Amino acid sequence: MENSHECSKKVEDVSLQELRDRLAEFARVRGWDQYHSPRNLLLALVGEVGELSEIFQWKGEVAKGLPNWTSDDKQHLEEELSDVLLYLVQLADVCGLDLGQAALTKIIKNAQKYPVNPTTYN
């Protein structure tokens, strides 16, 4: 993460593990590990979700794909979504959880809890 050019390259798919590893290294070399307790990361995550919410606060309903948004507005949204994702990945990491596996397990549980009922969608 030291080289901003390296991070700005377009990547096909980025794994949660790659994000986790880069974030851990980023914090380690700066000596920030000591501040990254589950509680502190959760509070930072909540703050970032608040910033994300502010973007939508007065916009009313927003169409998929954000067709009426400027490129600056979309970039701002990308940055705030990224902040939320990165704190979530860090939180899972310091808690010793496999976030990707947990998400897949949750999708399976949701599919069992909410089975497809073809008559509902006709």
Side-chain angles (χ1 to χ4, degrees):
M1 287 188 68
E2 294 303 311
N3 184 339
S4 62
H5 175 71
E6 178 183 327
C7 288
S8 66
K9 291 189 292 187
K10 197 77 162 166
V11 178
E12 290 279 327
D13 276 325
V14 177
S15 70
L16 291 177
Q17 182 172 344
E18 181 178 354
L19 292 176
R20 184 198 69 206
D21 293 348
R22 286 185 179 220
L23 287 165
E25 178 66 9
F26 186 87
R28 186 190 65 72
V29 299
R30 289 165 176 77
W32 293 353
D33 293 16
Q34 62 185 322
Y35 307 112
H36 287 179
S37 67
R39 176 190 172 275
N40 287 349
L41 290 169
L42 175 62
L43 293 175
L45 173 62
V46 169
E48 293 300 336
V49 169
E51 291 181 26
L52 178 60
S53 298
E54 287 176 353
I55 295 173
F56 289 92
Q57 187 171 9
W58 305 113
K59 291 194 181 294
E61 287 302 316
V62 175
K64 289 182 180 181
L66 312 175
N68 300 321
W69 287 36
T70 66
S71 60
D72 285 347
D73 287 340
K74 288 181 182 181
Q75 181 178 359
H76 184 205
L77 178 59
E78 283 180 340
E79 290 170 0
E80 296 306 332
L81 284 168
S82 296
D83 286 340
V84 169
L85 174 63
L86 296 175
Y87 275 119
L88 187 61
V89 168
Q90 283 182 298
L91 178 59
D93 185 35
V94 301
C95 290
L97 304 174
D98 182 336
L99 186 59
Q101 188 59 55
L104 290 174
T105 299
K106 183 63 175 176
I107 290 170
I108 292 167
K109 284 183 178 181
N110 284 344
Q112 293 168 345
K113 186 175 180 180
Y114 305 104
V116 175
N117 183 351
T119 60
T120 306
Y121 304 107
N122 287 335

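Predicted, not measured: the structure shown is a model, and the values here were computed from it. Keep in mind that the numbers below use all heavy atoms, side chains included, and drop hydrogens, waters and symmetry copies.
Residue Lys109 holds its NZ atom at 12.5 Å from OH of Tyr114, rounded to the nearest 0.5 Å. Distance CD/Gln101 to OG1/Thr105: 4.5 Å, rounded to 0.5 Å. Atoms CG and CD, on Leu77 and Glu79 in that order, are 9.5 Å from each other to the nearest 0.5 Å. From Leu52, atom CG reaches atom NE2 of His76 across 9.0 Å, with rounding to the nearest 0.5 Å.
A heavy-atom distance below 4.5 Å is not found between the side chains of Ser37 and Val94.
At a threshold of 4.5 Å between side-chain heavy atoms, the hydrophobic network of Ile, Leu, Val, Met, Phe, Trp and Tyr places Leu85 and Val14 in one connected group. Residues Val84 and Val46 share a single hydrophobic cluster, defined by chaining ILVMFWY side chains whose heavy atoms lie under 4.5 Å apart. Leu97 and Leu19 are assigned to two separate hydrophobic clusters, defined by single-linkage of ILVMFWY side chains at heavy-atom distances under 4.5 Å. Residues Leu42 and Leu81 share a hydrophobic cluster, clusters being chains of Ile/Leu/Val/Met/Phe/Trp/Tyr side chains in contact below 4.5 Å.
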- Show your reasoning for whether side-chain contact (heavy atoms from CB on, under 4.5 Å) applies to Val62 and Trp69. CA-CA 9 Å; Val62 175; Trp69 287 36; 3.5 Å; yes
- Message: One pair to check against salt bridge (Lys or Arg N to Asp or Glu O under 4.0 Å): Arg28 and Glu25. What are the steps and the verdict?
- Response: CA-CA 5 Å; Arg28 186 190 65 72; Glu25 178 66 9; 2.8 Å; yes
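Taking every heavy atom of both residues into account, Ile55 and Glu80 meet most closely at CD1-CG, 3.6 Å. Asp83 and Glu48 make their closest contact through OD2-OE1, 3.1 Å (heavy atoms, listed as atom of the first residue, atom of the second, distance). Taking every heavy atom of both residues into account, Leu91 and Pro38 meet most closely at CD1-O, 3.4 Å. A pairwise comparison of heavy atoms in Gln90 and Leu23 identifies CG-CD1, 3.6 Å as the closest pair. When every heavy atom of Arg20 is checked against every heavy atom of Asp93, the shortest pair comes out as CD-OD1, 3.1 Å.
Within a 6.0 Å sphere centred on CZ of Phe56, other residues, nucleotides and ligands contribute more than 12 heavy atoms.
Between Glu78 and Lys74 there is no salt bridge, since no side-chain N of the basic residue sits under 4.0 Å from a carboxylate O of the acidic one.
Shown are Leu45, Leu41, Leu16; of these, the side-chain contact (heavy atoms from CB on, under 4.5 Å) with Leu88 is made only by Leu45.
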